[in-house]
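Below is one structure; the comments refer to it alone.
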Protein chains: 2
Amino acid sequence: MVDTRRGPRRTLSEQAILDAALALLAELGADRVSIRGIATRVGIAPNAVYTYFPDKAAVLAGVAEQLVGRVDAARFTGPARSWRERAHAVADALRAELLVHPGAVHLLLTSPMTGEHATTLGATVLAIMTDAGLDHEDAARAAHLLNVHVLGSVALTTDGADDQFRWGLDRLLDGITAHTP
Amino acid sequence: MVDTRRGPRRTLSEQAILDAALALLAELGADRVSIRGIATRVGIAPNAVYTYFPDKAAVLAGVAEQLVGRVDAARFTGPARSWRERAHAVADALRAELLVHPGAVHLLLTSPMTGEHATTLGATVLAIMTDAGLDHEDAARAAHLLNVHVLGSVALTTDGADDQFRWGLDRLLDGITAHTP
DNA sequence: ACCTGAACACCGTTCAAGT
DNA sequence: ACCTGAACACCGTTCAAGT
């Protein structure tokens, strides 16, 4: 029994679209996330998706935002732990989030991350690097470097490879430490 | 005047397919490289491409191989320059190659790099890291780390951002240096 | 082996129209 | 504003058949 009535049903929202996209991502992988698949899942015609998002890229950007939003940035603020411990922790948390969604990395590597969650997480990492003793400019570069390492590592390794990730992260943080005054 | 005859024409090869794919990549971007587009460009029916490659993924893997083959690995071997200079040089060369082909990075991040060119370039970077004084296991990790940095940086930055790339690379090499006995 | 023609099962997106 | 139906311009891939 498919509802074929037209007009608002007041049962949908942007979030419902994103939830469907995330479910598709988890079940079928990144290359199988389609507008038509999302539409079927939420029970509307394919083109009705365009009521909520301007195009597919916007949907995928929303999914990416959703994913980075799942890592709780607040856990890595404040001087309770050393900057290095916190850097390790954010990197691990983001990586773990990406590993559970196969192909999700490519979304983050493609979509320009300008959303709210991405911004706050970026600010958190920036604060960590500032705590490390870097000036504003270097802190921004270090934050970007950490991001590159996390996303690059996940994208480039098929299996787990925890060891290689952590080894690289430690070299990277050593290099940053050596650069502080 | 389109040739509609069937049978071998002896005018095509795997290389011709890859050349067409590379041209499409340069002209239209990565998401516009299609089997049908390649077929049109070389003047055959779309399905005739499957005579040369088993599927699209194989074509894209071939393109990725072609691209890494363009960086001349031999230029970075031997003890003429220090390991650090050579590490800088390979990283720059690979990055430069990826920057001229928009979207090419995603090919390297997606296709498993098992080709001949990829293998020799990997061996070259491994040798550089061995020259740095690392044992076999750490040299492999350092080589992978460099790869992650180059591909991650290119994928994650829209504009040039030479500065950020080099800064990160220097931190990374500092960290590796500090880890040598 | 190398090719064509036709088809299958998909895509993203647009347009006109209904509520 | 939110939705449907139909269409447009594409995809990758397979199958049968011709040379």
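All values below come from the heavy atoms of this structure, side chains included, with hydrogens, waters and symmetry mates left out. Naming: A, B, ... by sequence-line order, numbering from 1 per chain. Being a predicted model, the structure only gives us computed values, none of them experimental.
- Residues forming a side-chain hydrogen bond (donor to acceptor under 3.5 Å, both in side chains) with A:E14 (at least two apart in sequence, or on another chain): none.
- A donor-acceptor pair is defined here as one N or O able to donate and one able to accept, closer than 3.5 Å; no such pair exists between the side chain of A:Q164 and the backbone of A:A161.
- Looking at residues two or more places apart in sequence or on another chain, you find a salt bridge (charged side-chain N to carboxylate O under 4.0 Å, His left out) between A:E137 and A:R141.
- Residue pairs meeting the salt bridge (Lys or Arg N to Asp or Glu O under 4.0 Å) criterion with at least one partner in residues 168-181 of chain A, sequence neighbours excluded, are A:R84-A:D170, A:R84-A:D174, A:R171-A:D174.
- Applying the salt bridge (Lys or Arg N to Asp or Glu O under 4.0 Å) rule to pairs touching residues 144-155 of chain B yields nothing, sequence neighbours excluded.
- Judged as a salt bridge (charged side-chain N to carboxylate O under 4.0 Å, His left out), and not counting sequence neighbours, the contacts of B:R41 are B:E27.
- Rounded to a whole Å, the CD1 atom of A:I44 is 18 Å from the P atom of D:dA6.
- Listed by chain and residue number, nothing satisfies the side-chain hydrogen bond (donor to acceptor under 3.5 Å, both in side chains) test with A:W83 (two or more places apart in sequence, or in another chain).
- For the side chain to side chain donor-acceptor pair (under 3.5 Å) condition, the pairs that include at least one residue of residues 49-77 of chain A, sequence neighbours left out, are A:E65-A:H117, A:R70-A:H101.
- Applying the salt bridge (Lys or Arg N to Asp or Glu O under 4.0 Å) test to pairs two or more places apart or on separate chains, none has a residue in residues 111-126 of chain A.
- Computed from coordinates, the A:D31 CG to C:dC11 C1' distance equals 13 Å when rounded to whole Å.
- Remark: B:H144 engages no residue in a ring pair (Phe, Tyr, Trp, His ring centres under 6.0 Å) (not counting sequence neighbours).
- Taking atom P in both C:dA9 and D:dC10, the straight-line distance is 22 Å, to the nearest Å.
- Applying a 4.0 Å cut-off to non-hydrogen atoms, none of the residues of residues 102-110 of chain A approaches DNA chain D.
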Next item on the list: Quick one: the dot-bracket string of DNA chain D, using Watson-Crick and G-U wobble pairs with both distances under 3.5 Å, [ ] for crossing pairs and | for bases paired to another strand.
Entry: ||.|||||...|||||.||

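- Distance CZ (B:F53) to P (C:dA1): 17 Å, rounded to an integer number of Å.
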Under 3.5 Å, which N/O atoms of the protein pair with N/O atoms of nucleotides 12-16 of chain D?
from	atom 1	to	atom 2	distance (Å)
D:dG12	OP1	B:I35	N	2.9
D:dG12	OP1	B:K56	NZ	3.1
D:dG12	OP2	B:I35	N	3.1
D:dG12	OP2	B:R36	N	3.2
D:dG12	N7	B:R36	NH1	2.6
D:dG12	O6	B:R36	NH1	2.9
D:dT13	OP2	B:Y50	OH	2.7
D:dT13	OP2	B:K56	N	2.9
D:dT13	O5'	B:Y50	OH	3.2
D:dT14	O4	B:N47	ND2	3.2
D:dC15	N4	B:N47	ND2	3.3

